[in-house]
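Taking it in order: structure first as structure tokens, then the write-up.
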Amino acid sequence: MADWFAGTARDLPWRDADCSPWGILVSEVMLQQTPVVRVLPVWREWLERWPSPAHLAADPSGAAVRHWGRLGYPRRALRLHAAATAMVADHGGAVPSTYDELLSLPGVGTYTAAAVAAFAFGRRETVVDTNIRRVHARVFGGSALPAPALTAAEMKRATELLPADDALSVQWNAAVMELGAVVCTARSPLCDACPILDACSWVAAGRPAPDYVPKGQSWAGTDRQVRGAIVAVLRDAEMPVPRSILLESPVDLSMGVPAASGHALRPAALTTLHGLQAPAEQLERALAGLLADGLAEDAEGGIRLPG
DNA sequence: AAGACGTGGGA
DNA sequence: TTCCCAAGTCT
């Protein structure tokens, strides 16, 4: 595994020896449910713009959301901003190095806390993400997929598998994760390229199909879709957008938003939002949820990203 | 402890 | 075209 990782691992910027703990933390949060290829350009822009937690904390949270672009789950940007603020307030502006301190930061759960402690600080932690779970399920469990939810038994197994040496444990975590990401994939695993093919109990069992059907997330017609459309409008808006234009009036955008209205909007996002034809009740609920998450509303009912 | 929470590319 | 799903977290 060590040789395989050393020889074939992807050359990702957050794996560079000189990448800061902050750079690694940002990458881990961006990579939550988002593919590497889409994270890459946004990560670079973030690190250039905000080279430390203090730099991000000095800007309004709305800036974090704007520069999050279309990575998805924009609340992650809000939480990263909150985490930066917490690091300035409680850790002298530095990324904390222990699992418990990391876990206490907004948006940092068990996976991310372990990953940052391991990859940024060289600590021996049991890192368990979807890739590692799948590799373990196949190699040691003989199943095509891990259980729907992380189990205590899985954590126990992962901990028992972890090399005792700190440095080796870090490399082990990275290697198993990489294997799951590029070879032992969910869809069509590249078993021919697997360095531990002979040790895989799933392959030995004839690669049996999954014993359950993962339930997919619905999308069309959901609040999430509406929230996404609203944030897309706000992300590109230079000024607060009146509630009326955002979700009430069936604005005719054929000629663009009237300059006299004073709202520098890009019609495309607004058209998409209105094109959803969502019930007024749902629009209100989606907006309320976004405001609760941190969107701002001025005295005149203008909706905008904070800052 | 299920379900909410975005997005876009590949199969 | 539709469905799947990618380094999860929070409630």
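The figures that follow rest on heavy atoms only: side chains count, while hydrogens, waters and symmetry mates do not. In what follows, every chain begins at residue 1, and chains take the letters A, B, ... in the order their sequences are listed. Since this is a predicted model, take the numbers as computed values, not measurements.
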A/Ala280 backbone acceptor or donor facing A/Glu284 side chain under 3.5 Å: no
Qualifying side-chain hydrogen bond (donor to acceptor under 3.5 Å, both in side chains) pairs with a residue from residues 74-83 of chain A, counting only residues at least two apart or across chains: A/Thr34-A/Arg76, A/Arg75-A/Asp293
Would you be so kind as to tabulate the donor-acceptor pairs closer than 3.5 Å made by side chains of residues 57-66 of chain A, with sequence neighbours excluded?
from: A/Asp59; atom 1: OD2; to: A/Trp50; atom 2: NE1; distance (Å): 2.8
from: A/Arg66; atom 1: NE; to: A/Arg235; atom 2: O; distance (Å): 3.3
from: A/Arg66; atom 1: NH2; to: A/Ala237; atom 2: O; distance (Å): 3.2

For the P atoms, the ones on C/dA7 and on B/dC5, what distance do you get once it is rounded to whole angstrom? 23 Å
So A/Asp223, base contact, sugar-phosphate only, or nothing? Heavy-atom distance under 4.0 Å. sugar-phosphate
Taking atom P of C/dC3 as reference, at what distance in whole Å does atom NZ of A/Lys215 sit? 17 Å
Donor-acceptor contacts under 3.5 Å from residues 192-208 of chain A side chains, at least two apart:
from: A/Ser201; atom 1: OG; to: A/Arg138; atom 2: O; distance (Å): 3.0
from: A/Ser201; atom 1: OG; to: A/Val139; atom 2: O; distance (Å): 2.6
from: A/Ser201; atom 1: OG; to: A/Gly142; atom 2: N; distance (Å): 3.1
from: A/Trp202; atom 1: NE1; to: A/Pro208; atom 2: O; distance (Å): 2.9

Could you check which residues of residues 276-285 of chain A get a heavy atom under 4.0 Å from DNA chain C? Sort them by number, please. none
Counting only pairs under 3.5 Å, give me each side-chain donor-acceptor contact of residues 110-120 of chain A, with atom names and distances, residues two or more places apart or in other chains.
from: A/Tyr111; atom 1: OH; to: A/Glu28; atom 2: OE1; distance (Å): 2.7
from: A/Thr112; atom 1: OG1; to: A/Gln32; atom 2: NE2; distance (Å): 3.0

Tabulate atom names and distances for all N/O pairs under 3.5 angstrom spanning the protein and nucleotides 5-9 of chain C.
from: C/dA7; atom 1: OP1; to: A/Asn131; atom 2: OD1; distance (Å): 3.0
from: C/dA7; atom 1: OP1; to: A/Asn131; atom 2: ND2; distance (Å): 2.6
from: C/dA7; atom 1: OP2; to: A/Asn131; atom 2: OD1; distance (Å): 2.9
from: C/dA7; atom 1: O5'; to: A/Asn131; atom 2: ND2; distance (Å): 2.9
from: C/dA7; atom 1: O4'; to: A/Asp129; atom 2: OD2; distance (Å): 2.8
from: C/dA7; atom 1: N9; to: A/Tyr111; atom 2: OH; distance (Å): 3.4
from: C/dA7; atom 1: N7; to: A/Glu28; atom 2: OE1; distance (Å): 3.4
from: C/dA7; atom 1: N7; to: A/Glu28; atom 2: OE2; distance (Å): 3.3
from: C/dA7; atom 1: N6; to: A/Trp14; atom 2: NE1; distance (Å): 2.9
from: C/dA7; atom 1: N1; to: A/Arg10; atom 2: NH2; distance (Å): 3.4
from: C/dG8; atom 1: OP1; to: A/Thr130; atom 2: N; distance (Å): 3.4
from: C/dG8; atom 1: OP2; to: A/Gln33; atom 2: N; distance (Å): 3.3
from: C/dG8; atom 1: OP2; to: A/Gln33; atom 2: NE2; distance (Å): 3.2
from: C/dG8; atom 1: N7; to: A/Gln33; atom 2: NE2; distance (Å): 3.4
from: C/dT9; atom 1: OP1; to: A/Gly109; atom 2: N; distance (Å): 2.8
from: C/dT9; atom 1: OP1; to: A/Gly109; atom 2: O; distance (Å): 3.4
from: C/dT9; atom 1: OP1; to: A/Thr112; atom 2: N; distance (Å): 3.0
from: C/dT9; atom 1: OP1; to: A/Thr112; atom 2: OG1; distance (Å): 2.7
from: C/dT9; atom 1: OP2; to: A/Tyr111; atom 2: N; distance (Å): 3.2

Rounded off to whole Å, could you give me the CG-to-C1' distance for the A/Leu273 and B/dG6 pair? 15 Å
Would you say B/dG6 has OP1 or OP2 under 4.0 Å from some side-chain N or O of A/Arg76? no
Do A/Trp68 side-chain atoms and A/Gly72 backbone N/O form a donor-acceptor pair below 3.5 Å? yes
Under 3.5 Å, which donor-acceptor pairs link side chains of residues 299-307 of chain A to any protein atom two or more places apart or in another chain?
none

With rounding to the closest Å, how many angstrom separate the P atoms on C/dT9 and B/dG8? 23 Å
Which part of the nucleic acid, if any, lies within reach of A/Ile132 when heavy atoms closer than 4.0 Å are counted: base, sugar-phosphate only, or nothing? nothing
Tell me the interatomic distance from A/Trp219, atom CH2, to B/dA4, atom P, rounded to whole angstroms. 13 Å
By side chain to side chain contact (heavy atoms under 4.5 Å, CB included), which residues pair with A/Pro146, not counting sequence neighbours? A/Arg133, A/Arg134, A/Ala137, A/Glu154
How many Å lie between CZ on A/Arg224 and C1' on B/dG3, as a whole number? 10 Å
To the nearest Å, give me how far apart CH2 (A/Trp68) and P (B/dT7) are. 12 Å
Using whole Å, report how far CG of A/Leu78 lies from C1' of B/dC5. 13 Å
All side chain to side chain contact (heavy atoms under 4.5 Å, CB included) counterparts of A/Pro148, not counting sequence neighbours: A/Tyr212
